[in-house]
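Letters go in sequence order (proteins before strands), and every chain restarts at 1. Note: hydrogens, waters and symmetry copies are ignored here, and every other heavy atom, side chains too, is used.
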Amino acid sequence: MGEMLIGLYVFVLATVAGRELIGKVPPTLHTPLMSGANAISGIAIVGALVVTASADSRTVEILGIVGIAMATINVVGGFMVTDRMLEMFKKN
Amino acid sequence: MNLSTMVELAYLVSAVLFVVGLKRMQSPATARPGNALAATAMLVAIIATLVDNQVLDWTGILIGIVVGGGIGAVAARTVKMTAMPEMVGLFNAFGGGASALVAAAEFVRLHHAGMTMDTGTGITIALSMLIGAVTFSGSIVAFGKLNGMVTGNPVTFPGQKPVNALLFLAILVLGVGVAGVLALGSLTPLSTFWIFSGLALLLGILLVIPIGGADMPVVISLLNSYSGLAASAAGFIIGNMVLIISGALVGAAGLFLTMLMCKAMNRSLANVMFGAFGQSGGTAAVGSGEKKPVRSVDAEQAALVMAYAQSVIVVPGYGLAVAQAQHELKKVMDLLSDRGVDVKYAIHPVAGRMPGHMNVLLAEADVSYDRLYDLDEINDDFKNTDVVLIVGANDVVNPEARNPDSVIAGMPILDVDYARNVIVVKRSLSPGFAGIDNPLFYLDNTMMFFSDAKKAMSDVVKEVREA
């Protein structure tokens, strides 16, 4: 359980940090914040890459590749659409 | 320094970049580079993973990345800004789905290898599959409800709650089985796992289907939080800290925004999730057919009132975006501003279809973001304002919220009725989402400008020019 426990520590601390960071985001940026955070949840791509790379059967490989494709949609789409929104925020 | 240390350090860099990137979201001036930083963090994590795993066969990985990247890029470039809630919902579905697939792949791999699972791994696989699958199917339903493919009305059926409870119980039992707790470290059959996964998908559908279309943004925000938790759980499975950290960040962000939205609507999360709110034919019927007098104005009168005012505050609502009238509205405000009128925009937290949505829609129409004020910043200004122009908003300016007996009692509203003059641009006197009449329309200082928002604004542009 040692590694699990360290993971739990990290998880809890990151949650606290996340709450602190996000609480200070002004309401005007809440939509880009949500879509940007959404893009970050595409980090599951790392997991999909690991399982695909270590696949020892066709089933695992296919599950992994579909996972990579899905996570990449989330990552690429999420960061790009956030950028598109933020680009429009101008002060004049 | 050996390779695995370098990879771990790269993951650390990635985690820090995610945190700094989010930190930069705290100001519109730094948000765009902040987003780029978060994207860089993702790239660092991906490269570190590929280096670490000494990939032999790149075909599958490249296919996945190229196909996914292509779909994501096209969707991100072509989506309309008004459709942002459903876009985020759909992307979210894929994020959750990916975490579920990681769990599935790992379970199948362990099964094939005939390896026994320790309880910790078992629990994280079960959690990642459960949360990921609920996120996936729930987000797809939310997406469908937002873009009209699934009915926006709450879908309820007799015995819905017992069915959901039973389903939840079944998932719990199977989940314990999958986690291998009962099997005492021996492997659970694959079929148990697939049934568990199927039920988790079903649960996602059943949880979202009874929620009304107007509440979907709250659901999407909550599911966004779940997709973060699913990614964290996947991080526990493969023992990867960067997944745990970024998943936790997303989980916290999603939950914060969910609570914020509930607060703006004065509802509890439980009420949103299980209240089947917004059902047509509800009890909140408008009072008897008695006709109250309203003061109706045309474009010329509205333009004159604003052109000779010292201060004007606009309250834009989603109706403005539906009518695509943002650009026309901006023209009106620019003309007024050129005449020396003090012009501000007041944005209610639920003005659009997700928090901050109206700000994006106005940014698209080139409205400077320092002109946009949120509820807390501007509510004290109304009493010293000559004219408030309300375009396409209704419930968020309904003074009934101050009446303790009203269904919207306690909902935070913009105090527009305190201004000297109020102009409401609206097609008719019909009620908003909450389904109740708005006494604002009948006040002595209120002028009703019955028109389509876009036509109204372009007519006012002409009249202000002549004023």
Would you give the length of the straight line joining atom CG of L8(A) to atom CZ of F236(B), rounded to the nearest 0.5 angstrom? 5.0 Å
According to salt bridge (Lys or Arg N to Asp or Glu O under 4.0 Å), does anything in residues 53-76 of chain A pair up with another residue at least two apart or in another chain? List the pairs. R58(A)-E61(A)
Could you look at V66(A) and say if it's the side chain, the backbone, both or neither that has a heavy atom under 4.5 Å from chain B? both
Part of D57(B) within contact of chain A (heavy atom distance under 4.5 Å): side chain
Can you name the closest pair of heavy atoms from A38(B) and I40(A) and give their distance? CB-CD1, 4.2 Å
Relative to chain B, which of G64(A), S35(A), G36(A), G78(A) shows the most heavy atom pairs under 4.5 Å? G78(A)
Under a 4.5 Å heavy-atom cut-off, does chain B meet the side chain of L29(A), its backbone, both or neither? side chain
Of the listed residues (S368(B), A98(B), G72(B), G60(B)), which shares the most heavy-atom pairs with chain A below a 4.5 Å separation? S368(B)
Just wondering, are more than 12 heavy atoms of other shown residues or ligands nearer than 6.0 Å to NZ in K90(A)? yes
Which atoms of A234(B) are under 4.5 Å from chain A, going by heavy atoms: the side chain, the backbone, both sets, or neither? neither
Considering non-hydrogen atoms only, spot the tightest contact between R84(A) and A76(B) and give its length. NH1-O, 2.7 Å
Just so I understand: if I count every heavy-atom pair under 4.5 Å between each of I238(B), I220(B), V74(B) and chain A, which residue has the most? I238(B)
Greatest number of non-hydrogen atom pairs under 4.5 angstrom with chain B, of S41(A), A53(A), A55(A), G18(A), falls to S41(A)
Portion of V75(A) that has a non-hydrogen atom of chain B nearer than 4.5 angstrom: side chain
Check: F79(A) main-chain N/O paired with N35(B) side-chain donor or acceptor under 3.5 Å: yes
Where do F91(B) and V81(A) come nearest, in terms of heavy atoms and distance? CE1-CG1, 4.2 Å
If we define contacts as heavy-atom pairs under 4.5 Å, which of A104(B), S227(B), G356(B) has the most with chain A? G356(B)
With chain B, the option among V76(A), V16(A), I22(A), V12(A) that has the most non-hydrogen atom pairs under 4.5 Å is I22(A)
Check A231(B) against I43(A) and note the closest heavy-atom contact, atom names and distance. CB-CG2, 3.9 Å
Given a strict heavy-atom distance threshold of 4.5 Å, which part of I45(A) is in contact with chain B: side chain, backbone, both, or neither? side chain
So, the part of T15(A) with a heavy atom under 4.5 Å from chain B: the answer is both
Chain B heavy atoms under 4.5 Å from T82(A): which part of the residue, side chain, backbone, both or neither? both
F256(B) and H30(A): which non-hydrogen atoms are nearest, and at how many Å? CE2-NE2, 4.3 Å
Nearest 0.5 Å please: distance from the CG atom of N38(A) over to the CE atom of M87(B). 9.5 Å
I need the L362(B) CG to T28(A) OG1 distance, nearest 0.5 Å. 8.5 Å
Please look at M42(B) and chain A and tell me whether the side chain, the backbone, both or neither of the residue comes under 4.5 angstrom of a heavy atom of that chain. side chain
With only heavy atoms counted, which part of Y345(B) is less than 4.5 Å from chain A, the side chain, the backbone, both or neither? neither
Counting heavy-atom pairs under 4.5 Å with chain A, which one of A105(B), S99(B), G95(B), A31(B) comes out on top? A105(B)
Heavy-atom distances under 4.5 Å only: say whether F136(B) touches chain A with side chain, backbone, both or neither. side chain
Below 4.5 Å, heavy-atom pairs only: which of L372(B), N240(B), V79(B), V55(B) has the largest tally toward chain A? V79(B)
Would you give the length of the straight line joining atom CE of M259(B) to atom CZ of R19(A), rounded to the nearest 0.5 angstrom? 10.5 Å
From L50(B) CG over to T52(A) OG1, what is the distance, rounded to the nearest 0.5 angstrom? 10.0 Å
Please classify the contact between T30(B) and chain A as side chain, backbone, both or neither, with a heavy-atom cut-off of under 4.5 Å. neither
Which bit of R77(B) comes within less than 4.5 Å of chain A, counting heavy atoms only: side chain, backbone, both or neither? both
Less than 4.5 Å apart, any side-chain heavy atom of I68(A) and any of I65(B)? yes
Hey, can you pull the donor-acceptor pairs under 3.5 Å for the side chains in residues 15-28 of chain B, sequence neighbours left out?
residue: K23(B); atom: NZ; partner: Q26(B); partner atom: OE1; Å: 3.4
residue: Q26(B); atom: NE2; partner: L21(A); partner atom: O; Å: 3.0
residue: S27(B); atom: OG; partner: A29(B); partner atom: N; Å: 3.1

Residue pair L63(A), V108(B): steps toward the side chain to side chain contact (heavy atoms under 4.5 Å, CB included) verdict: CA-CA 9 Å; L63(A) 288 170; V108(B) 174; 4.1 Å; yes
In terms of heavy-atom pairs under 4.5 Å with chain B, which of M85(A), M70(A), M80(A), K24(A) leads? M70(A)
In Å and rounded to the nearest 0.5 Å, what is the CD1 to CG distance from I73(A) to L90(B)? 7.5 Å
Using heavy-atom distances under 4.5 Å, tell me whether S232(B) contacts chain A through its side chain, its backbone, both, or neither. side chain
Residue, of N92(B), T124(B), I71(B), V67(B), that accumulates the most heavy atom pairs under 4.5 Å with chain A: N92(B)
Report yes if some heavy atom in the side chain of L33(A) is under 4.5 Å from a heavy atom in the side chain of L257(B); otherwise report no. yes
Any donor-acceptor pair under 3.5 Å linking the side chain of T31(A) with the backbone of H357(B)? yes
Which atoms of A71(A) are under 4.5 Å from chain B, going by heavy atoms: the side chain, the backbone, both sets, or neither? both
Between L243(B) and G47(A), which heavy-atom pair has the shortest distance, and what is it? CD1-N, 4.0 Å
